[in-house]
Amino acid sequence: MAGVSFNAEVTVRLIRFANEDTGWAVLDAAARDGTPVALVGPLAHLQAGERARVLGEWVTDARYGRQVKVSQALPLAPRDPELVTAVLRRIRHVGAGRAKALIDRFGAETAIDAIDADPPAAFAACGLRGARAVEAAESWRELRVTRRLHMLLAPHQLGYLANRLHERWGARAHEIVTSDPYQLTSVFGVGFQLADRIARGLGIEGDSSMRRRAAIVHVLGESERGGSTCLPLDAALAAAGELVGGEIDAELLERLADDGALTIEDGWVYRAATAELEAELARRIDELLTGEPSERLSGAARSEAGGSARPGPAANARRVTAHDSREDAPTDARTDADTGPEAELTAEQGAALSAALAHRLSVITGGPGTGKTATIRAIATAAQRRGGSVMLVAPTGRAAVRMSESSGLRARTVHSALGWVPGLGPEHDQDAPLACDLLIVDETSMANLELLVALLRAVASRTHVVLVGDADQLAPVGAGKPFAELVGCERVPVTRLTHIFRQAAGSMIVQGAHAIRRGLPPSFAAAEGMRRDLFLIERGLPRDALSEIVTLVCERLPSHYGVDPVRDIQVFAPVYRGELGIDALNAALREALNGGGRPVLGGRLRIGDKLIMTGRNLHELGLMNGTVLRLLDEVERDPDGRDEAALILGDDDTVFRLAPEEAERLTLAYACSVHRGQGIELPVAVIVAHQAAGAFFLRREMLYTAVTRARLATVVVGTREVVARAARTPDTARRHGRLAQRLDQAMNAQLAN
């Protein structure tokens, strides 16, 4: 039957797998005569119980047997009472009882038409009144908009985007997509070519100004997703011209700049909003560098430094890289209120302490084992001894928890400290600054342009700011790499911690990470006196590597280290697709660790699954992008509408209640990308370094970051050649940004005045 076309109406019975990011799904369905049909393809927009017209062809998979490889799936209105009930129960305040009442009143085949004709009257017929009837009608309108989007996008294999588009644009989503389909390029995963195909299908001409404008905006948007804040003018024009298959002149950019969509400065082109953010960040950093330090803290600097004269503004700050080579250097820079926090610090750490108290902005960078945490503790203690209030923050929840555990001081996420209110923004900004004398930001290398601007807006006029991080780690997700740019800026007081403390120096993880920083492969042979916590298991065949990873995670590592396979072990891989991609790893690990979990949401998730939050932060729930969770339970909607349906999720010490419509933000996390797990630190890490796992994409910064995620052990599964290639291959994709240049311009302007 392979190669035979398939064109039939089916009813979805079970969702075996679905990836909301890619739209790919595996479904069990039934033809109209009840014949079972396995479907594979762009099907994630379909729910269990839905009918659809499916186009594709029969294929035979060596592992899974006969199935239909789907090219297109168009949702259809349901007919039988069971399927109509499933649709109606998705309406807010309509449980099983009210769904039955609607079907009894209007009939299964006409219930949906009756609701479409007069939602308030239909819902009144099933007992909904007042505000609940209004909310049910609005819920129904939203569902219908989503279905119309499905019908428009499914022929282009983009039906899975319907919910995301509706969330972004609301009831106008369908209108926006049909009037300007190029706006789809603002949605992650939709490239210009796909949006262009939809636009051409809607009759938009190939030489239209809308198309050329969209190409330029898309090129800039893609560069931001790649980490740049701007592009050289010529490069932007050339890239946009390639997209439209013709030349684009600079006059169009000038018109876009006149319209306020773009900003052009000194031969560089930005999206206007990004240019404003970069300029604001430079201005706020300049204000910190030139501002008068706090008398309270700078007095501490004079005292702790042995009575030296108080330093002035940091326009020409000294950069510290002194290497303390003492064999008896302490493994922990403990502080003491009587002897002073500098008593057991290395020269580098002491310099960082002095800079933090003397200047309103200072930066500390260093690799694993170089004493960043001890330095944070010493700086915080010194400030507190002088009567200063200290606030510790980090970009992610995991990083904040780790900061609290390691420093012994309370730390919060940046968003929590700012009091971020969904839809309204932060409670703390320039008009209501944070109440602290010293603000210490850990893991600052993870902060992109937007996050750092939001934080610095809330810094009070005499508050000191210390940015701590590792400049060699992966650059942040999103536009800009402000921490790395500040580390490289001569105007900023930067301390580089280079001494590896004796206790850390005995770790193969620490030594291996520093070798990777230098472009060398880590050693997997334990030298005398070294703690064996870094391993390489070589497996040439992908299926052998996959089997090894499953055995390691499920059996060998938990048994050897006494850890939980789900909570305490994280698998990292460079790419999602392929035999050893993240999707395949998640499927295999879930089957081994949670194969018997009760399916929820049509089978996409299971009770007991390890999940990670993606997309925007849900500040009202305290759920941030990158939060790792376990799915504990599912609560059904009360038939009387008194209790809404919800997913019950938990992390180490908190339980969250999440509405089912937010569930698309949850993806399996038995395995994840290094970028997504950048804020994770846990007992054991397993890294996939294999040709079948996107070896080309595994670069030095990614390998370095992944190796340093574990406290007890890091296990690399793959080949020695892939590890060596990654270590010697830096990420050559240049991130364009002009933060340092803007800071230099600000200083020159001050000197000129």
Would you indicate whether the side-chain heavy atoms of [Y] and [X] approach each other to under 4.5 Å?
X	Y	result
T370	H499	no
W268	T263	no
T346	F501	yes
L281	P482	yes
L703	R699	no
H359	L361	no
H428	P433	no
V628	L611	no

For [X] and [Y], which heavy atoms make the closest approach, and how far apart are they?
X	Y	answer
R735	G226	NE-O, 3.5 Å
L467	F483	O-CE1, 3.8 Å
A378	L353	O-CD1, 4.0 Å
D286	T290	O-OG1, 2.8 Å
V390	A383	CG2-CB, 3.8 Å
L438	A380	CD2-CA, 4.4 Å

Distance-only, no hydrogens or angles: does the [X] side chain make a donor-acceptor pair with backbone N or O of [Y] under 3.5 Å?
X	Y	result
H736	T229	no
T365	A471	yes
T274	Y270	no
T708	T705	yes
S416	R412	no
T714	V707	yes
H464	L288	no

Pairwise distance [atom1]([X]) to [atom2]([Y]) - rounded to 0.5 angstrom:
X	Y	atom1	atom2	value
R742	C489	CZ	SG	13.5 Å
I216	L262	CD1	CG	7.0 Å
K610	I569	NZ	CD1	8.0 Å
T444	D442	OG1	CG	6.5 Å
S294	R386	OG	CZ	10.0 Å
I440	L392	CD1	CG	5.0 Å

If you count every heavy atom of other residues, nucleotides or ligands that lies below 6.0 Å from R283 atom CZ, does the total exceed 12? yes
Assess whether side chain to side chain donor-acceptor pair (under 3.5 Å) is satisfied between T495 and E348, documenting all intermediate values. CA-CA 7 Å; T495 303; E348 293 171 343; over 6 Å; no
Using the side chain to side chain donor-acceptor pair (under 3.5 Å) rule, take D437 and S389 through it: C-alpha gap first, then chi angles, then the decisive distance, then the call. CA-CA 5 Å; D437 296 299; S389 58; 3.2 Å; yes
My understanding is that only one of E224, E222, E278 makes a salt bridge (charged side-chain N to carboxylate O under 4.0 Å, His left out) with R271; could you say which? E224
Could you check R518, R700, R517 and say which one makes a salt bridge (charged side-chain N to carboxylate O under 4.0 Å, His left out) with D472? R517
Side chain to side chain contact (heavy atoms under 4.5 Å, CB included) between V655 and L649, worked out: CA-CA 6 Å; V655 174; L649 302 150; over 6 Å; no
Are R738 and E265 within salt-bridge range, i.e. N to O under 4.0 Å? yes
Sequence neighbours excluded, every pair satisfying salt bridge (Lys or Arg N to Asp or Glu O under 4.0 Å) that has a member inside residues 456-467: E280-R457
Verdict with reasoning, L434 to L455, per side chain to side chain contact (heavy atoms under 4.5 Å, CB included): CA-CA 9 Å; L434 296 168; L455 181 59; 4.3 Å; yes
Can D568 and V684 be said to form a side chain to side chain contact (heavy atoms under 4.5 Å, CB included), step by step? CA-CA 6 Å; D568 298 328; V684 181; 5.9 Å; no
Could you go through the side chain to side chain donor-acceptor pair (under 3.5 Å) check for K372 and Q349 one step at a time? CA-CA 8 Å; K372 293 192 297 295; Q349 292 173 315; over 6 Å; no
Applying side chain to side chain contact (heavy atoms under 4.5 Å, CB included), run through E450 and L277 and close with a yes or a no. CA-CA 7 Å; E450 184 177 10; L277 276 176; 4.3 Å; yes
